[in-house]
Colleague: 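Have a look at this one before I ask anything.
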Amino acid sequence: MNDVYKLHSLLIKTGLQDDAASLRRLLLSCAAAASASSAPESLPHARALFAGISSPDVVAYNTIIRSHAHSSPLHSLSFFARMLRRGVSPDNFTFPFVLKACSHLREMGHGLHALIAKLGLGSDVYVQNALISAYGCTNAVESARKVFDEMPERDLVSWSSLIGCYANNGFGYDALACFREMQLVESFEPDRVTLLSVISAISSLGALELGRWVDCYVRRIGLSWKISVGTALIDMYSRCGSVIESMRVFNEMPERNVLTWTVAINGLAVHGRSAEALKLFHDMKESGMQPDSITFSAVLVACSHAGLVKEGRGIFESIKKEYGMEPTLEHYGCMVDIFGRAGMVEQAYEFVEKMPIRPNSVVWRTLLGACVNHNHLGLAEKARGRIHELDPHHDGDYVLLSNAYGGVGKWNRKAQMRILMKDRRISKRPGYSLINADQEIHEFVSGENSHPEWENIRDSLTLIIDRLKLRGYTPQTSNVLHDIEEEEKESNLSYHSEKLAIAFALLHLENGRTIRVMKNIRICHDCHSFMKHVSDVFQREIVVRDQNRFHHFSKGSCSCRDFW
DNA sequence: TTAGGGTTAG
């Protein structure tokens, strides 16, 4: 980048600054530097150079669009619009850059696809692949599929893009089906990028067995030493409930970056292994690796799940004092959660009031949750008021509040969809649990009888509950807080999806095998109690992944020590 | 000068 500046000065000194060809070459270097290092600081310079070109051609426009696509996508689109206004016709290089900008904005440019078709560029494989990817980033999964289906020929990138599109939009099954189809139909060998999307799909489904297969596969083809792959595997094992294997991959990695450390710390945190998470954070610092803001979020999550108020506060303060970084809204949110979970609701409220950043509705909702949980209805009212001020039309808050205060309102399916969609990593559908058995993923939806063995499972569940009752299990029907925003209150708690999953597992998984349940929303108190009793009475290890964390049930107790 | 990828508060 320095060379670009030097050259520019030289041009000015020699009076050649008006030479279009030299300027264009400089612009190219500058843009290349900006794209390669994602260095936003060089972008103003690139724009200044571009402004010096009297009549930019398509290559100059492509260059300036490309350099801004990542860090400043609005600029890219504005240059693209200018290009069209000036009558410079975009080519097959232009659209992948423009589509990249759309991907970053998470919004597909209006009429872009039609324009591509009009210019006769719709059959360029680069453009088609970029379209799949851009549709994927803007949640238009069906449009992405349509482009893919209409391609006369597809390459590895086409398949990877579609797999990634499914994986990133919560369609784990489709991602894996597409992966299998790719290997069967085209006999393409997946590369690093393909595998990263596959691993991501496995993580969201919690398909541990398949994850182990991919782990072996990447070892075999020699990709396991890649930081990105290792990092994805650490995260995958953790999300599949096997924190031991996650740490094994971490320890085996020859090289690590800040993401590697962060996913490892986060993994320990969501499994309730807070002390180990903090130890790892310490090791990270010792190794000389600089934490970023996401690392701090992970460390704070570790504190919040174990009630480590003092440690959490210390780490929060160190963000600014030791690292000279400004705490983000997420960090403030974590602190509210730390105080709130520990029952320090007044402190949490004061903390929110004094925040230098305007708290969003998530922060207030965190506080509201803590207030209701600790019977602080006065403060809950205040928090409720603030949520209404900030977000008066947010249906989810109406749902949460109406439930918290005695089920005044009706569950609004639309609102639920919106809340769940925010968590794209997991799913878009309400209340379900997944379980892996015999290489297959079984799905159980709360209150639905969609599983082929449903009657058998229901009867079995009734017997299980009767047996647990004899050993002290009391079903709780007044489950207020923890299910509110997440699951429609059902007439019969026995049908919560995780209970159906457990009944199925007890019927099908041989004794001694750990039962792993993946749930898309938070586990409720009653199911939590149910799991503890099952782990005791049936002598089973049970691992439940819910929206926020993992619960490891064994011999009648849970790793979260009922603090979650 | 073109396309696909790994981490964040409830």
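Residue numbers start from 1 in every chain, and the chains themselves are labelled A, B, ... in the order their sequence lines are given, proteins ahead of strands. Side-chain atoms are counted along with the backbone in the values below, which use heavy atoms only and exclude waters and symmetry mates.
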Colleague: Quick check for you: among B:dA9, B:dT7, B:dG6, whose closest atom lies nearest to any side-chain atom of A:I227?
Modeller: B:dG6
Colleague: Please report the distance, rounded to the nearest Å, between CG in A:D155 and C1' in B:dT2.
Modeller: 12 Å
Colleague: Which of the following nucleotides, B:dT2, B:dG10, B:dG6, is nearest to the side chain of A:Y126?
Modeller: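 Nearest nucleotide to the side chain: B:dT2.
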Colleague: Among B:dG10, B:dA9, B:dT2, find the nucleotide with the atom closest to the side chain of A:P96.
Modeller: B:dT2
Colleague: Take atom CZ of A:R365 and atom P of B:dG10, then tell me their distance rounded to the nearest Å.
Modeller: 12 Å
Colleague: Measure from the ring center of A:F79 to the ring center of A:Y61 and say whether it is less than 6.0 Å.
Modeller: no
Colleague: Nearest whole angstrom, please: distance from the P of B:dA9 to the CG of A:L329.
Modeller: 12 Å
Colleague: Look at all strands and tell whether A:F97 reaches a base, only sugar-phosphate, or nothing, counting heavy atoms closer than 4.0 Å.
Modeller: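 Base contact - A:F97 has a heavy atom under 4.0 Å of at least one base atom.
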Colleague: State whether A:N266 places a side-chain N or O below 4.0 Å from either non-bridging phosphate oxygen (OP1 or OP2) of B:dT8.
Modeller: yes
Colleague: Using a 4.0 Å heavy-atom cut-off across all strands, classify A:V157 as base, sugar-phosphate, or nothing.
Modeller: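 Here A:V157 touches the bases of the nucleic acid.
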Colleague: Would you indicate what A:L300 reaches in the nucleic acid, counting non-hydrogen atoms under 4.0 angstrom: base, sugar-phosphate, or nothing?
Modeller: nothing
Colleague: Would you check if A:P56 and A:V88 make a side-chain contact, meaning some heavy-atom pair closer than 4.5 Å?
Modeller: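 They are not in side-chain contact.
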Colleague: Which whole-number value in Å describes the distance from A:N548 CG to B:dA9 P?
Modeller: 8 Å
Colleague: Nearest to the A:R239 side chain among B:dG10, B:dT8, B:dT1, which nucleotide is it?
Modeller: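 Closest nucleotide among those given: B:dT8.
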Colleague: Can you see if the side chain of A:K100 gets near the phosphate of B:dT2 - specifically, an N or O under 4.0 Å from OP1 or OP2?
Modeller: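 For B:dT2, OP1/OP2 do not have a side-chain N/O of A:K100 under 4.0 Å.
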Colleague: Among B:dG4, B:dT1, B:dG6, find the nucleotide with the atom closest to the side chain of A:T260.
Modeller: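 My answer, after comparing the listed nucleotides, is B:dG6.
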Colleague: Within the 4.0 Å heavy-atom criterion, would you say A:R154 contacts the bases, only the backbone, or no part of the nucleic acid?
Modeller: nothing
Colleague: Quick one: label A:S228 by what it contacts on the DNA or RNA (base, sugar-phosphate, nothing), any heavy atom closer than 4.0 Å.
Modeller: base
Colleague: Per the atom types in the model, does the base of B:dG4 pair as donor or acceptor with the side chain of A:T194 at under 3.5 Å?
Modeller: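 By the distance-only test, yes, there is a pair.
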Colleague: Which of the following nucleotides, B:dA3, B:dT7, B:dT2, is nearest to the side chain of A:D292?
Modeller: B:dT7
Colleague: Over 60° means perpendicular and under 30° means parallel, so tell me whether A:Y332 and A:F351 are parallel, tilted or perpendicular.
Modeller: tilted
Colleague: Taking side-chain hydrogen bond (donor to acceptor under 3.5 Å, both in side chains) as the criterion, tell me which of A:K146, A:R145, A:H113 meets it with A:Y135.
Modeller: A:H113
Colleague: So what does A:S297 hit on the nucleic acid, given a heavy-atom distance under 4.0 Å: a base, only sugar-phosphate, or nothing?
Modeller: base
Colleague: Give a yes or no answer on whether the side chain of A:N168 reaches the backbone of A:G164 with a donor-acceptor pair at less than 3.5 Å.
Modeller: yes
Colleague: Taking the side chain of A:N62 as its heavy atoms from C-beta onward, which of B:dT7, B:dT2, B:dT1 lies nearest to it?
Modeller: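 Of the candidates, B:dT1 comes closest.
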Colleague: Could you check whether A:L156 gets within reach of a base, just the sugar-phosphate, or nothing at all, counting any heavy atom under 4.0 Å?
Modeller: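 The residue A:L156 makes base contact.
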Colleague: Select one nucleotide: of B:dG6, B:dA3, B:dA9, the one nearest the side-chain heavy atoms of A:N129.
Modeller: B:dA3
Colleague: Taking 4.0 Å as the cut-off, does a side-chain nitrogen or oxygen of A:R66 come that near to OP1 or OP2 on B:dT2?
Modeller: yes
Colleague: Counting only distance, no hydrogens or angles, is the base of B:dG6 paired donor-acceptor with the side chain of A:T231 under 3.5 Å?
Modeller: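 Counting by modelled atom types and ignoring angles, a donor-acceptor contact under 3.5 Å is found here.
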Colleague: Which of these nucleotides, B:dT7, B:dA3, B:dG6, is closest to any side-chain atom of A:I294?
Modeller: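 The closest nucleotide is B:dT7.
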Colleague: Take the protein atom CG of A:L162 and the nucleotide atom P of B:dG4, then report the distance between them rounded to whole Å.
Modeller: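 Interatomic distance, CG of A:L162 to P of B:dG4: 14 Å.
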Colleague: May I ask you to verify if any side-chain N or O of A:R549 is less than 4.0 angstrom from the OP1 or OP2 atom of B:dG10?
Modeller: no
Colleague: Please give, in whole Å, the distance from B:dT8 P to A:M325 CE?
Modeller: 16 Å
Colleague: NA contact type, A:N92, heavy-atom cut-off 4.0 Å: base, sugar-phosphate, or nothing?
Modeller: base
Colleague: Whole-Å distance between B:dT8 C1' and A:E330 CD?
Modeller: 6 Å
Colleague: Using a heavy-atom cut-off of 4.0 Å across all strands, would you classify A:D91 as base, sugar-phosphate, or nothing?
Modeller: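 Since no nucleic acid heavy atom lies under 4.0 Å of A:D91, the category is nothing.
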Colleague: Heavy atoms, side chains only, cut-off 4.5 Å: are A:L99 and A:S133 in contact?
Modeller: no
Colleague: Going by heavy atoms in the side chains, are A:F80 and A:P90 under 4.5 Å from each other?
Modeller: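 In contact.
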Colleague: Report the residue from A:D215, A:V243, A:I234 that forms a side chain to side chain contact (heavy atoms under 4.5 Å, CB included) with A:R248.
Modeller: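 Considering A:D215, A:V243, A:I234, a side chain to side chain contact (heavy atoms under 4.5 Å, CB included) with A:R248 is found only for A:D215.
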Colleague: Using a heavy-atom cut-off of 4.0 Å across all strands, would you classify A:I265 as base, sugar-phosphate, or nothing?
Modeller: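 Nothing, no heavy atom under 4.0 Å.
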Colleague: Between C1' on B:dT7 and CZ on A:F250, what's the gap in Å once rounded to a whole number?
Modeller: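 In whole Å, B:dT7 C1' lies 13 Å from A:F250 CZ.
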Colleague: If you take atom types as modelled and just measure distance, does the side chain of A:S160 reach the base of B:dG4 with a donor-acceptor pair under 3.5 Å?
Modeller: yes
